[in-house]
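All values reported here derive from a predicted model rather than from experimental measurement. Quick note on labels: first sequence line is chain A, next is B, and so on, each numbered from 1.
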2 protein chains.
Amino acid sequence: MSPAASHSTNASRDLGNRVAEELAAGLFSGRYRPGEMLPKETELCDAFGMSRPSVRNGLQILSSLGIVRRISGKGTVVEEFREWNLLDPMVTRWMAEYAQPNPNFLAEIFEFRHATEPTIAALAARKATARDLLAMEEAFQGMEAALEGAEAGEEWDRSAFSDHDVAFHAAIYRATHNLVWAQLAHILRPSITLVVRTSNETAEELRDSLGRHRHLMECIRLRRPEDAEEAARRVMARTAFDLGITPDPDAGPGPAPNAHAPDDAPKKASPHRRA
Amino acid sequence: MSPAASHSTNASRDLGNRVAEELAAGLFSGRYRPGEMLPKETELCDAFGMSRPSVRNGLQILSSLGIVRRISGKGTVVEEFREWNLLDPMVTRWMAEYAQPNPNFLAEIFEFRHATEPTIAALAARKATARDLLAMEEAFQGMEAALEGAEAGEEWDRSAFSDHDVAFHAAIYRATHNLVWAQLAHILRPSITLVVRTSNETAEELRDSLGRHRHLMECIRLRRPEDAEEAARRVMARTAFDLGITPDPDAGPGPAPNAHAPDDAPKKASPHRRA
DNA sequence: ATACTAGGCTATGTCAGACATAGGGTTCAA
DNA sequence: TTGAACCCTATGTCTGACATAGCCTAGTAT
């Protein structure tokens, strides 16, 4: 009807988000770099075929995420990467979706996970409810199913596996029933999908990883905080190997990926190393 | 001059932020509660004396922070608290500024800090640069100066002390040179200012706290990760006491989770939130 | 009587055009 | 060389209008 609809808002009703999304694709993929200027509003209007208010709406979103800064009378400049709100859910989604894997950045997220997930697992073992355990179990079964599909010979769906992997770890974060950690679950997605997209684990390696996840889940279910802590360390050791940070999945918890730190102190030997 | 200035944009050039700020004050103080509806746009225009685009701009900011949800044709509804992006710098500022201290929430942030700051301190001890150490030192001297002013008898400026306290811990977070932790430094402000606003430490207690901070700083400067870890635990033990979480600042690093809420918030047996 | 549809009302989403003002550069004079 | 006055550009804001999603109500058919 009315093909020449004047406003023609038949498509989406959320144009600002579309603008932000498209620009984010360029921002996160590195097409626009910090310090550079984005096209001016009128040019973006032209490029997207939308009115100025909608374009401004999109720019506003990016601005409130610390990704760009709007300078009155001058234009829109890309902020330094360090200023971006990397912990915002939308930003983490964009990272997982558009960013090309940056080894340095992945290593930093891993460093964070490596230091915290054992603690989180212990807390989860103390506080997890039946609902939390269910979420973990469903995610785990999803990983299992994806892996079996792969072993059945079909072409193997990496994204299905990594989605459930994300869900598994997020369930543990949420099981702490702590607002801060629950929100930090968002950084899992870029951390996991970016590595899965590039690395090439064998079926055997994945099965090993799955076993470690199962063990972690069992420790949480049985309410054994200390065992859960150790189990989480073993999961992270596996992840470190898949990320290429350690040469051996059973190698100790090398804390920092980059060893340029002038540490005259011996690194912390894991206190309870039950083999 | 031109009293009938039509546009009269004499005041600020950032009306959207003003709207967001004012609404945030109401949102964080509990005047608007999750599930409720905000006034409609035209009413807000009237209340703030601004045009619809500006008001929409402010609502857009709150929306992109997960604080409200805009429903086309219906209105603006306040999201559940758990959906708010509590890790966003602007949100943490609003929490520190407008939220009345919620014991439960403070306990959760403390739980997070208690679990992570020792690790962070150890990492900082490995990676801190001269610039990081300078930032820590300046913040520490700021705390010292504020405390001495207090002991000199003048009326004592809590906010000066807590600002430098925030800066001190933030410097440690940043000294890790890890993007994730650097961003997490933002949660320090509500955690610290909210407790300082309510608690009533004596000068002696503050001096004790200051000593623990100094020791932590020295351990980091001397690049002793393990000592820094322990020193951070002692700082957190002091903080736990000031928060009313533990009865004794030297009561070991009792993992706060199960022991919190001694007097003012009787702990529920079931962790389920459902009422 | 119940269920389903049609219509109207409300509040948000989008558009168009206009003016005001901050930032930055340029020109001209002291 | 330096300073001030000028102009241009791009963003910030306003006004007024229409389009559409969500919701409520009334009317009709079975």
**Student:** Return whichever of A/Gly16 or A/Gly73 has its heavy-atom-nearest nucleotide of DNA chain C closer to the 5' end.
**Tutor:** A/Gly16
**Student:** Can you tell me the distance, in whole Å, between the CZ atom of A/Arg18 and the C1' atom of C/dG13?
**Tutor:** 15 Å
**Student:** May I ask you to decide whether B/Lys127 forms a salt bridge with A/Glu111, counting only side-chain N to carboxylate O separations under 4.0 Å?
**Tutor:** yes
**Student:** From the list C/dT14, D/dA10, C/dG13, which nucleotide is the closest neighbour of the side chain of A/Lys40?
**Tutor:** D/dA10
**Student:** Rounded off to whole Å, could you give me the CG-to-C1' distance for the B/Leu59 and C/dA11 pair?
**Tutor:** 12 Å
**Student:** Could you tell me how far apart B/Asn57 (CG) and D/dC14 (C1') are, to the nearest whole angstrom?
**Tutor:** 13 Å
**Student:** In this structure, how many angstroms lie between the P atom of D/dG12 and the CE atom of B/Met50, rounded?
**Tutor:** 15 Å
**Student:** If I take atom CZ in residue B/Arg56 and atom C1' in nucleotide D/dT15, what distance separates them, rounded to the nearest angstrom?
**Tutor:** 15 Å
**Student:** From C-beta outward on A/Arg70, which listed nucleotide comes closest to its side chain: D/dT11, C/dC15, C/dT12?
**Tutor:** D/dT11
**Student:** Taking CG from B/Asp14 and P from D/dC14, how many angstroms apart are they, rounded to a whole number?
**Tutor:** 12 Å
**Student:** Atom CG of B/Asp46 and atom P of D/dT15: how far apart are they, to the nearest Å?
**Tutor:** 12 Å
**Student:** Would you say A/Asn178's side chain and B/Glu108's backbone share a donor-acceptor pair under 3.5 angstrom?
**Tutor:** yes
**Student:** Confirm from the modelled atom types if B/Arg52 and C/dT12 form a donor-acceptor pair under 3.5 Å, side chain to base only.
**Tutor:** no
**Student:** Can you check side chain to side chain contact (heavy atoms under 4.5 Å, CB included) on A/Val77 and A/Ile71, steps first, answer last?
**Tutor:** CA-CA 8 Å; A/Val77 59; A/Ile71 304 177; 3.9 Å; yes
**Student:** Round to a whole Å and report the spacing from NZ of B/Lys74 to P of D/dG22.
**Tutor:** 10 Å
**Student:** Between D/dT11, D/dT13, C/dT12, which nucleotide has the shortest distance from any of its atoms to the side chain of B/Ser54?
**Tutor:** D/dT13
**Student:** Where each residue is assigned the nucleotide of DNA chain C containing its nearest heavy atom, which of B/Thr42 and B/Pro53 is assigned the position nearer the 5′ end?
**Tutor:** B/Thr42
**Student:** Are B/Ser51 and D/dC14 close enough that a side-chain N or O sits under 4.0 Å from OP1 or OP2?
**Tutor:** yes
**Student:** Closer than 4.0 angstrom, basic N to acidic O: yes or no for A/Arg31 and A/Glu36?
**Tutor:** no
**Student:** Do the charged groups of B/Glu41 and B/Arg70 touch, with an N to O distance under 4.0 Å?
**Tutor:** yes
